[in-house]
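Presented below is the structure to which this report refers.
Side chains are part of it too, since the values below use all heavy atoms of this structure and drop only hydrogens, waters and symmetry mates. Heads up: numbering here begins at 1 and tracks the sequence.
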Amino acid sequence: MRTPWDDVRGQAVMGSQEFIEEILSRNAVGKEKKTQVVRRRELMGISPEAIMAAVGKYYDIEPQEMKGRGQRYTEPRYVASYLMRRHGMLGLREIGERVGLHLSAVGNAVQRVTERPTRTMARSLKDLESLIKNQES
């Protein structure tokens with residue numbers, strides 16, 4: 001008899017330890033099958049506050065200043081948006097609320113940083129990502 005769990009393969013299973021064990025026992029076919037369980041804490045990413053603080057410190061501005069509309073805040077806002085999307089596991093709307101942009105503008109900012117970063121942007125991303133990775137460990 002087929003169950004809804006028969007097709008669960010290569011997916012993250014989140015929940016309490018009892019729930020995960022129940023799902024794995026329903027889906028287990030034998031010892032030859034390897035199942036990798038991703039725990040919630042591994043999916044959390046870096047807090048957006050930590051990213052905003054790191055970007056603010058790097059650019060010598062306060063995190064709340066990134067909502068400002070001056071040219072001075074454009075690059076920090078773009079870099080923070082990219083880092084929150086990549087390392088913070090946040091959606092475009094959530095990022096936009098933090099940096100003062102509409103979700104479509106956040107998408108454009110992330111795309112710009114990904115595809116066409118300026119030299120200073122690329123250098124700051126390299127420095128900030130190494131700083132963030134050191135904070136993770």
Side-chain angles (χ1 to χ4, degrees):
M1 180 171 93
R2 280 186 65 76
T3 67
W5 309 110
D6 289 339
D7 295 326
V8 177
R9 287 179 178 47
Q11 299 176 7
V13 179
M14 297 186 303
S16 68
Q17 188 62 35
E18 296 81 28
F19 176 76
I20 292 171
E21 288 171 6
E22 180 182 341
I23 296 301
L24 291 176
S25 68
R26 287 182 182 183
N27 198 29
V29 177
K31 290 186 180 182
E32 70 277 353
K33 183 173 182 179
K34 295 181 181 177
T35 305
Q36 184 178 31
V37 177
V38 179
R39 307 227 188 290
R40 267 186 267 178
R41 69 177 179 274
E42 294 169 354
L43 291 175
M44 293 304 287
I46 300 170
S47 77
E49 292 79 19
I51 292 172
M52 293 285 284
V55 172
K57 185 176 179 182
Y58 186 86
Y59 285 98
D60 195 30
I61 60 174
E62 292 295 318
Q64 61 269 18
E65 286 182 277
M66 279 186 238
K67 289 186 177 185
R69 291 291 165 218
Q71 180 71 26
R72 175 179 181 211
Y73 307 116
T74 302
E75 185 172 312
R77 191 171 37 243
Y78 279 23
V79 169
S81 298
Y82 171 81
L83 291 172
M84 282 191 275
R85 183 71 172 167
R86 180 164 182 199
H87 298 287
M89 313 273 295
L90 294 176
L92 298 178
R93 179 169 283 132
E94 295 166 310
I95 295 169
E97 290 169 359
R98 293 178 189 278
V99 297
L101 293 174
H102 186 269
L103 65 98
S104 63
V106 172
N108 291 335
V110 171
Q111 185 176 12
R112 164 83 196 280
V113 172
T114 304
E115 295 175 1
R116 300 178 317 279
T118 63
R119 284 188 185 129
T120 58
M121 208 180 282
R123 189 177 330 113
S124 64
L125 278 173
K126 183 179 177 183
D127 295 342
L128 285 165
E129 284 188 324
S130 68
L131 177 70
I132 287 171
K133 287 181 182 179
N134 289 338
Q135 286 179 353
E136 281 181 337
S137 18

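- Side chain of E129 to backbone of K126: no donor-acceptor contact under 3.5 angstrom is found.
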May I have the step-by-step check of side-chain contact (heavy atoms from CB on, under 4.5 Å) for I46 and M84, ending in yes or no? CA-CA 8 Å; I46 300 170; M84 282 191 275; over 6 Å; no
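- Rounded to the nearest 0.5 Å, atoms OG (S124) and OH (Y82) are 11.0 Å apart.
- Closest approach of L131 and A54 over heavy atoms only: CD2-CB, 4.0 Å.
- Rounding to the nearest 0.5 angstrom, the gap separating the CE atom in M52 from the CD1 atom in I95 is 10.5 Å.
- Side chain of R77 to backbone of G68: a donor-acceptor contact under 3.5 angstrom is found.
- Counting heavy atoms from C-beta on, the side chains of K67 and V99 never come closer than 4.5 Å.
- Summarising the geometry, atom CD belonging to E75 is positioned 11.5 Å from atom CE belonging to M66; distances are rounded to the nearest 0.5 Å.
- In this structure, the side chain of R93 does not engage the main chain of L103 through any donor-acceptor pair within 3.5 Å.
- The two residues Y78 and M121 come nearest to each other via the heavy atoms CD2-CE, 4.5 Å.
- A heavy-atom distance below 4.5 Å is found between the side chains of L125 and L83.
- Going from atom OG of S81 over to atom CZ of R98 covers 11.5 Å, rounded to the nearest 0.5 Å.
- Looking at Y73 and R69, their side chains never bring a donor and an acceptor atom within 3.5 Å of each other.
- Between the side chain of E65 and the backbone N or O of E62, at least one donor-acceptor pair lies under 3.5 Å.
- E94 and G91 get closest at one heavy-atom pair: OE1-N, 2.8 Å.
- P76 and V55 make their closest contact through O-CG1, 3.6 Å (heavy atoms, listed as atom of the first residue, atom of the second, distance).
- Using a 4.5 Å heavy-atom threshold, the side chains of P117 and R112 count as separate.
- The closest side-chain heavy-atom distance from V79 to Y59 is below 4.5 Å.
- The closest donor-acceptor contact from the side chain of R85 to the backbone of L90 lies under 3.5 Å.
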